[in-house]
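Convention: sequence-line order gives letters A, B, ...; per-chain numbering from 1. Bear in mind that the values here come from a model prediction, so they are computed numbers and not experimental data. Hydrogens, waters and symmetry mates are skipped; everything else that's a heavy atom, side chains included, is used.
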2 protein chains.
Amino acid sequence: MWEGPSHRIVGGVNLTFASGASAGTCANVRLANFTEKYMPARGLVNFFSREKSVSIRDLARHLNISIGTVSRALNGKSDVNPETRERVLQAAKTLGYVPNQSGRSLRQGTTNTIGFMIESTVETAEIGDSFFFMPVFGGVQSVFRRHQLDLVALLCGTDEDPGVYLNRVVGRRFVDGLIISATMREDPRIPFLLERKIPFVALGRSAADGSFPWIDLDFEGTAITAVTRLVGFGHKRIAVGVPNSDVNLGHVFLSGYRQGLAKGGIEFNPDLVLAAPSNEEGGYQVACAMLEQKPMPTAVVLVNENMAIGLYRRFYEMGIHPGRDIAVIGFRESTQSRFLSPTLTCFRLSLRDLGIKLAETLLSTMPAFENNYPAVKSGIIWPMELVVGESDRPAP
Amino acid sequence: MWEGPSHRIVGGVNLTFASGASAGTCANVRLANFTEKYMPARGLVNFFSREKSVSIRDLARHLNISIGTVSRALNGKSDVNPETRERVLQAAKTLGYVPNQSGRSLRQGTTNTIGFMIESTVETAEIGDSFFFMPVFGGVQSVFRRHQLDLVALLCGTDEDPGVYLNRVVGRRFVDGLIISATMREDPRIPFLLERKIPFVALGRSAADGSFPWIDLDFEGTAITAVTRLVGFGHKRIAVGVPNSDVNLGHVFLSGYRQGLAKGGIEFNPDLVLAAPSNEEGGYQVACAMLEQKPMPTAVVLVNENMAIGLYRRFYEMGIHPGRDIAVIGFRESTQSRFLSPTLTCFRLSLRDLGIKLAETLLSTMPAFENNYPAVKSGIIWPMELVVGESDRPAP
DNA sequence: GTGAAAGCGCTAACAG
DNA sequence: CTGTTAGCGCTTTCAC
């Protein structure tokens, strides 16, 4: 993992400073030497029929043994002659046999597939950049592979109700378990899954009555840390950018913001709570709202790092420089936040580790795997460490 | 769709200018009023058993008719008494019946599921930001919904070979069709899918011998347009940032770059071709490489808009301002490129429409749907229109 | 217009 | 250790 030297990591008691003002490294630039031209496509063939694939019966016939034995050999059952097993495995390989999942699922009642439900609506995609999800997926998969489980992302379209979608997915027995994200404050998916006894874990808390397995980023802690840091710099008017949807993390973040203020002896001012979409445009709007206030806040804490880009832009248009004229603390460290100018003060976490924990938590709730994973006793709040950038240095 | 007024859209013969220097809008900022604190989770219940779901047999028993009739009623067959159908539908609703997909698939040989294969490796995720994929997914789904097809994203992990993964997905009969992305110059997935006669469409050309259905962004045309524009501004030393992987779009983009140079009467200089990862860090590296050259190129064309962020950063560190001291043209217009400072000159496309076309192209190759969709005669190059930002105005 | 029955590919139970 | 068989849930003949 590449790390920009201009960030100082502040985690727990450790405080490290890096030298230099450079955000990146110049290593690994290679000159390309592509000379060939791409080949234009010719006419298209038609795809009329799917080839019949080889079934377990074909395999058995080919080996002149029964399908039961083949099945047992393939599934690693103990009561099968090693030599026979070898022959079966060999034949399976040469014939290109892959078990039909529908057949297995129908028989076993499991699909060996886990779904990660992500919503593609703009509003709910609070943490929805793929450079968020991709490493999380990677971590999840690294665990699932050990158990021959496949991960698929379930894409609930904009024009479909998440509840209806979930009902279909669950009813069809499409997956053995679910990871849900973008948890709402009141999220009907949770009682639904609990009632159906579908194993699941939520990426994000909710306010739902009744408990369920979840992991959430430390929105509360980061907000407290950020506000406390700004108060320490002498800031008094600290704005906060929160989502304008009912996604629960907004409530949690705001709670932390208020706790941080209280800790610093500063009175909460509702006018400084600015709700906007958790993206670049939302950040632009937050900056606009700040500019209208008199006196203008001297600092702002954002629930989402993408907001920083739009916020920077609006301030840039006004000749206001973050880190010089105003203090900005973003949320999650991302490639972008490292390469912004000025680099963004924000919080770091290992998305891959988060994915691993999500997977382990899910498996601990599944009958087939619970022996391998200790039951999670309660929700998990994922710690994040402060990464000091250039955007929040000045005291007012 | 929100549109930043500072961009002038230049598409075909139309040329529109917007006034003002603002990149965004201040509308729709709402003050939040979240007062309640989130509820902490209590202890966890254990999830030991999945509830037995209602089968078609249960439904039949409940209605005192045969399962065959129930099936026909649910599937909209004509030879069923309207009254009976009504009773069945009603009962299905009240009992919460959802057909088991494995049963259907086993019987019908289709899964009613389409897979969109995305690779989570950093290197291959050339166009891998979710604000790319999400709208594409949305478009795809809007078409699939008409045919009761579900879209799932197939996540090929970093530690798994795409070929092995694809083989498993296909062999298991997990999906009826596939959309593959991040097409490599020589992509073994393509002959594999062609040979197995699995319906698919590729997002991205390849150099593969033999034809197949694909849609690709106009990397060639955009490169030509960008270079021609820069040449028109008087630039002579124009660098190009391309991917450092074998993803085919790099070759195509470079081809367009060379064509643009040739058109402008400028000799191709291999030293100006800079290969780097298609992300912020890569852009940083490209800027580094440019800074080392003497004389420094006066303009640069990037194959990926994320590179612009890192490139901006490196130039910022050196006090070099894009749009004033150097000309930058990025690739795809994104929320980020609109909110960068200066805004990025780049190219616009409708990702949703792209998704729609992908879906339609795929369906045209599937026996069950080909009647509804005209066969695509060859690969499709998706047009993009120039969006003039602030990053490329000056002639040197 | 409906019921009965076969069978998709697979695994598990049981008999030998 | 291996073969036989039942049956997972569903759709689709075919008979009536």
Side-chain angles (χ1 to χ4, degrees), chain A residues 50-89 91-92 95-113 148 168 170-174 176 368, chain B residues 50-89 91-92 95-113 148 168 170-174 176 368:
Chain A
R50 295 180 70 158
E51 232 149 62
K52 192 86 181 59
S53 60
V54 11
S55 73
I56 198 171
R57 183 162 281 115
D58 301 329
L59 204 52
R61 247 195 301 264
H62 178 256
L63 290 163
N64 220 22
I65 56 178
S66 74
I67 59 171
T69 304
V70 173
S71 175
R72 283 191 298 265
L74 291 170
N75 289 298
K77 303 293 179 186
S78 54
D79 55 351
V80 54
N81 187 316
E83 194 203 333
T84 312
R85 186 195 306 280
E86 193 46 50
R87 282 180 61 221
V88 171
L89 258 36
L95 295 188
Y97 170 76
V98 183
N100 179 312
Q101 189 58 45
S102 298
R104 304 192 78 186
S105 299
L106 194 53
R107 180 63 231 237
Q108 300 189 306
T110 63
T111 60
N112 299 316
T113 303
Q148 328 267 44
R168 197 169 72 244
V170 166
R172 283 183 169 182
R173 308 268 101 154
F174 192 68
D176 293 343
Chain B
R50 296 180 69 156
E51 230 148 64
K52 191 87 182 60
S53 62
V54 10
S55 73
I56 199 171
R57 182 163 282 115
D58 301 329
L59 204 51
R61 247 194 302 265
H62 178 257
L63 289 163
N64 221 19
I65 56 179
S66 75
I67 61 171
T69 305
V70 172
S71 174
R72 284 190 297 264
L74 291 171
N75 289 299
K77 305 290 179 188
S78 54
D79 56 349
V80 55
N81 186 319
E83 194 202 332
T84 311
R85 186 195 306 279
E86 193 47 51
R87 282 180 58 222
V88 171
L89 259 35
L95 295 189
Y97 171 77
V98 183
N100 178 312
Q101 189 57 45
S102 298
R104 304 192 78 183
S105 298
L106 194 54
R107 179 64 230 236
Q108 304 196 114
T110 63
T111 60
N112 299 317
T113 302
Q148 329 266 45
R168 196 169 71 246
V170 165
R172 283 184 170 181
R173 309 267 102 153
F174 192 68
D176 293 343

**OP:** Indicate, with a heavy-atom threshold strictly under 4.0 Å, whether A:Asp79 touches base, sugar-phosphate, or nothing.
**Re:** base
Subject >> Whole-Å gap separating P (D:dT12) and CD1 (B:Ile67) >> reply: 13 Å
Subject >> Sugar-phosphate only, base, or nothing, as touched by A:Ser105 at under 4.0 Å among non-hydrogen atoms >> reply: nothing
Subject >> 5'-most by nearest nucleotide on DNA chain C - B:Arg85 or A:Ser102 >> reply: B:Arg85
Original post:
How many Å lie between CZ on B:Arg72 and P on D:dT12, as a whole number?
Top reply: 11 Å
Original post:
Does the side chain of A:Leu95 come within less than 4.5 Å of A:Asp58's, by heavy atoms?
Top reply: no
Subject >> Spacing between A:Ile56 atom CD1 and D:dG3 atom C1', to the nearest angstrom >> reply: 13 Å
Original post:
Which residue, A:Gly68 or A:Pro82, contacts DNA chain D at a nucleotide closer to its 5' end, judged by nearest heavy atom?
Top reply: A:Pro82
**OP:** State, with a plain yes or no, whether a side-chain heavy atom of B:Val80 is found less than 4.5 Å away from one of B:Val88.
**Re:** no
Subject >> Rounded distance [0.5 Å steps], OG in A:Ser102 versus CZ in B:Arg104 >> reply: 11.5 Å
Original post:
Between A:Val98 and B:Arg168, what is the shortest heavy-atom contact and its length?
Top reply: CG1-O, 4.1 Å
Subject >> Min side-chain heavy-atom separation B:Asp176-B:Thr113 under 4.5 Å >> reply: no
Subject >> Backbone of B:Ser105 reached by a side-chain donor or acceptor of B:Thr111 within 3.5 Å >> reply: no
Subject >> Distance, rounded to the nearest Å, where B:Leu106 contributes CG and D:dT12 contributes P >> reply: 13 Å
Subject >> Separation of A:Arg85 CZ from A:Thr69 OG1 (nearest 0.5 Å) >> reply: 11.0 Å
**OP:** Ignoring backbone atoms, test whether B:Gln108 places a side-chain nitrogen or oxygen under 4.0 Å from the OP1 or OP2 oxygen of D:dT12.
**Re:** yes
Subject >> Distance in angstrom units between A:Arg173 CZ and D:dC8 P, rounded >> reply: 15 Å
Original post:
Which part of the nucleic acid, if any, lies within reach of A:Ser55 when heavy atoms closer than 4.0 Å are counted: base, sugar-phosphate only, or nothing?
Top reply: sugar-phosphate
Original post:
Can you check whether A:Thr69 has a side-chain N or O nearer than 4.0 Å to OP1 or OP2 of D:dG3?
Top reply: yes
**OP:** I would like to know whether A:Ser53 and B:Arg173 meet side-chain contact (heavy atoms from CB on, under 4.5 Å); could you show each step before the answer?
**Re:** CA-CA 9 Å; A:Ser53 60; B:Arg173 309 267 102 153; 3.9 Å; yes
Original post:
Side-chain contact, heavy-atom cut-off 4.5 Å: A:Asp79 with A:Arg72?
Top reply: yes
Original post:
When all nucleic acid strands are considered with a 4.0 Å heavy-atom cut-off, which category describes B:Thr84: base, sugar-phosphate, or nothing?
Top reply: sugar-phosphate
Original post:
Do the non-hydrogen side-chain atoms of B:Asn100 and B:Ser55 ever get within less than 4.5 Å of each other?
Top reply: no
Subject >> Separation of atom CG in B:Leu74 from atom C1' in D:dG9, rounded to whole Å >> reply: 13 Å
Original post:
How large an angle, rounded to 10°, do the end axes of the helix from C:dG1-D:dC16 to C:dG16-D:dC1 enclose when each is built from five base pairs?
Top reply: 40°
**OP:** Could you state the atom-to-atom distance from OH of B:Tyr97 to P of D:dG9 in whole Å?
**Re:** 10 Å
**OP:** Tell me, please, the opening and closing nucleotides of DNA chain C, 5' to 3', among those with an atom under 4.0 angstrom from a non-hydrogen atom of chain B.
**Re:** C:dG1 to C:dG9
